[in-house]
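A short worksheet on the structure shown next.
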Amino acid sequence: MSTDHLPTGPTDDATGEIRDFIRQIVREDLASGKHASIHTRFPPEPNGFLHIGHAKAICLNFGLAQEFGGACNLRLDDTNPAKEDPAFVDAIKHDVHWLGFDWSELRHASDYFGVFYLAAEKLIEQGDAYVDDLSPEEMRKFRGTLTEAGRNSPFRDRGVEENLALFRRMRAGEFADGAKTLRAKIDMSAGNINLRDPALYRIRKVAHQNTGDAWPIYPMYDFAHSLSDALEGITHSLCTLEFEDHRPLYDWCVDKVDLVNHPTLWQHLVEAGIPTVPSKPRQIEFSRGNINYTVMSKRKLLNLVQGNLVDGWDDPRMPTIAGVRRRGFTAAALRLFWERIGVSKQNSVIDLGVLEGCVREDLDSRAERRMGVVDPLKVTLTNLDASHVETLTFPNHPKDESFGTRQVPFTASVWIEREDFEEVPPKGFHRLKPEGEVRLRGVGIIRCDEVVKDAAGLVVELRCSLDKDTRHGMPGADRKVKGTIHWVSAHHGVPAEIRLYDRLFNVADPDDDSDGKTYEDHINPDSARVVHGYVEPAAATIAVDQRVQFERMGYFVPDSHDHAAPSRIVFNRVVTLRDSWAKQAGK
RNA sequence: UGGGAGAUCGUCUAACGGUAGGACAACGGACUCUGACUCCGUUUAUCUAGGUUCGAAUCCUAGUCUCCCAGCCA
């Protein structure tokens with residue numbers, strides 16, 4: 001089975017190269033000799049599970065390194081111990097690997113705490129940073145607004161020695177949480193609010209998952225992130241659009257600290273066995289990939305989990321990597337999706353159907369076929385002996401013989417899909433109806449002679465006759481009928497719990513709360529329907545990570561938590577098949 | 001009335017002063033023992049108004065709309 005596919009995204013027709021503005025920059029930098037090779041990184045904060053949006057950044061950063069023969073680090077951005085958890089670190093590593101990538105080096109921002117501290121002292125000595133006693137509320141007032149300049153803190157002009165002494169006492173744990181901060185001395189009247197003396201260090205007497213209680217102070221994002229990039233020799237630091245106006249501060253930190261020319265700041269890393277060749281990284285921003293009918297903010301996903309609105313981070317309806325994996329999406333489908341979407345600076349909302357299409361495209365070529373009935377209706381073939389049993393041979397894939405064949409038991413009593421019979425069929429209905437004919441896949445043409453109902457009028461059985469001249473392999477087998485339906489032997493069918501998933505939200509933009517309703521109000525009550533059906537024996541024995549296509553019904557995967565063959569069969573529906581009949585019938 | 005960014009088919013994305021192209025979707029057809037897959041074909045776009053130019057999505061001017069920023073979060 002082939003897992004490869006030609007790129008069908010925004011590629012150059014002639015060369016097949018993926019082209020977007022970032023790859024263009026990379027090509028230029030390589031061609032001009034600015035860089036001999038590139039180095040990227042994926043820097044998640046371990047405060048939640050990774051989601052499909054992160055997959056975009058992962059594909060971009062690791063993909064770039066792969067394409068251009070560079071390196072890509074995985075860096076856990078663990079500068080805020082109050083929000084982070086080692087459990088998330090394991091999930092992140094697992095997800096990156098599952099997506100098909102491996103990092104050149106695993107790093108943590110906390111590996112560099114010693115460097116950040118020395119860098120902060122350097123800034124103080126240069127007169128570029130000061131210790132401020134303002135409370136958070138006071139600081140907000142002094143910051144000004146979007147349209148009004150801020151005012152200098154009364155502590156802004158402390159001398160170097162005083163600042164140094166104070167900062168050292170902060171580090172020694174002499175002050176309470178929030179009592180003081182270290183601030184960059186830039187410009188309180190800057191139009192860009194990020195430049196109004198941003199905080200560099202805060203006091204947080206919280207144990208850190210890596211460094212324990214070694215530090216009572218922790219660096220802020222802008223300071224830690226820029227210097228981490230420089231320390232790791234990152235050449236192209238890719239991030240999303242909302243960091244665009246942080247770039248001046250990013251550059252300020254890198255330039256003022258100037259790690260390249262000050263090895264004393266990081267020499268201890270080298271001595272500790274952490275290879276360090278600082279660079280002057282370039283931050284480049286691209287747009288996030290929003291998808292309709294879903295929410296993608298970490299805060300909202302956390303909320304869904306903690307509020308028990310879903311069944312955990314890996315609920316198959318969640319847009320987390322763990323969720324779509326359990327749902328049955330493949331890594332190849334996710335990669336194809338982001339490749340197809342491309343990379344730009346335009347805000348955009350991608351139709352969920354595009355993702356589903358990628359999943360179908362990948363699964364069509366790699367999933368074995370089986371038959372399974374989700375909503376069973378009994379069919380009795382009256383002209384077959386009631387004890388009739390035969391074994392049919394079915395190909396596992398309609399287009400690829402290398403998938404082999406399987407044995408499918410056939411008896412005089414079978415389950416068919418309830419929706420494949422209509423007593424009063426709509427126009428264009430190709431399936432079974434009273435007096436009508438349909439092909440039983442791999443068997444032959446049957447005719448519905450009698451409809452049996454219960455006292456309530458519900459159809460409980462169809463009594464049909466099989467046209468034996470049309471049996472598979474017989475001369476009459478090529479007789480044309482409009483429809484072919486799937487079935488499962490009633491004597492052999494394995495009872496299965498089947499979970500039919502649908503979009504988690506029933507509005508295209510769950511984030512839109514302008515009507516007073518929140519995303520929680522828009523959860524689709526039918527997003528997880530559990531039904532009980534029957535699958536053919538060869539479906540009950542497939543591997544847990546193997547997806548199958550139940551013909552005409554969609555792609556399914558055994559649930560990684562609850563499937564326990566042979567005693568308990570549980571399938572998740574990955575995605576339906578394209579259904580032009582449903583579309584037509586729905587009109 | 002601050003700073004930053006972005007507007008191209010329904011959606012996503014190309015173009016780098018020289019034929020507005022591709023992908024997905026949609027629609028029509030062919031094929032079909034999956035109303036799937038596959039194949040063929042068709043429709044649809046440069047935010048607006050001026051200007052420069054032989055020629056403008058691209059350059060200039062003026063507007064319009066959208067997104068981001070006032071955490072000791074990232």
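Residue numbers begin at 1 in each chain, while the letters A, B, ... track the order of the sequences. Scope of the values below: all heavy atoms of this structure, side chains included, with no hydrogens, waters or symmetry mates.
- The six-membered or imidazole ring of F550(A) lies near that of F571(A), with a centre-to-centre distance under 6.0 Å.
- Stacking between W581(A) and G35(B) is shown: the ring centroid lies under 5.5 Å from the centre of the six-membered base ring, and the planes differ by under 30°.
- Ranking A23(B), U13(B), U34(B) by closeness to the S348(A) side chain, first place goes to U13(B).
- Of all nucleotides listed (G35(B), A23(B), G2(B)), G2(B) comes nearest to the side chain of T147(A).
- Contact annotation for Q24(A): base contact, defined as any heavy-atom pair under 4.0 Å involving a base atom.
- Applying the 3.5 Å distance criterion, the base of U34(B) shares a donor-acceptor pair with the side chain of Q549(A).
- Of the candidates G35(B), A74(B), A36(B), the closest approach to any side-chain atom of R431(A) belongs to G35(B).
- Taking the P atoms as reference points, C39(B) lies 9 Å from C24(B), given to the whole Å.
- The nucleotide whose nearest atom lies closest to any side-chain atom of H430(A) is, among G35(B), A36(B), C16(B), G35(B).
- Relative to the six-membered ring of Y293(A), R503(A) meets both conditions, a distance below 6.0 Å and an angle of at most 45° to the axis.
- Residue K399(A) is classed as a base contact, given a heavy-atom separation below 4.0 Å to a base.
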B/S/- contact track for nucleotides 63-72 of chain B, protein heavy atom under 4.0 Å: ----SBBBSB
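- In this structure, R151(A) forms a cation-pi arrangement with F142(A), its terminal cationic atom sitting closer than 6.0 Å to the ring centre and no more than 45° off the ring axis.
- The only option from T181(A), D132(A), D197(A), D133(A) that meets the side chain to side chain contact (heavy atoms under 4.5 Å, CB included) definition with S153(A) turns out to be D132(A).
- Taking the ring centroids of H225(A) and F243(A), they lie at or beyond the 6.0 Å cut-off.
- The side chain of E244(A) lies closest to G4(B) when the candidates are G35(B), A74(B), G4(B).
- Listed nucleotides C12(B), G6(B), C73(B) differ in distance to K345(A); the shortest reach to its side chain belongs to G6(B).
- Nearest-nucleotide assignment on RNA chain B puts the 5′-proximal partner with K56(A), out of T470(A) and K56(A).
- Annotation for R406(A): atom CZ counts as buried by contact number, over 12 foreign heavy atoms lying within 6.0 Å.
- Distance check on atom C1': C59(B) versus G17(B) gives 8 Å, rounded to whole Å.
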Watson-Crick and G-U pairing of RNA chain B written in dot-bracket, each distance under 3.5 angstrom, with | for inter-strand partners: .((((((..((((....[..)))).(((((.......)))))....(((((..]....))))))))))).....
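- With its glycosidic angle within 90° of 0, G71(B) is assigned syn.
- Geometrically, R171(A) engages W215(A) in a cation-pi contact defined by less than 6.0 Å to the ring centre and at most 45° from the axis.
- Shown here is K433(A), whose NZ atom has no more than 12 heavy atoms of other residues, nucleotides or ligands within 6.0 Å.
- Taking the C1' atoms as reference points, U48(B) lies 14 Å from A57(B), given to the whole Å.
- Rounded to a whole angstrom, the distance from the C1' atom of C9(B) to that of U38(B) is 25 Å.
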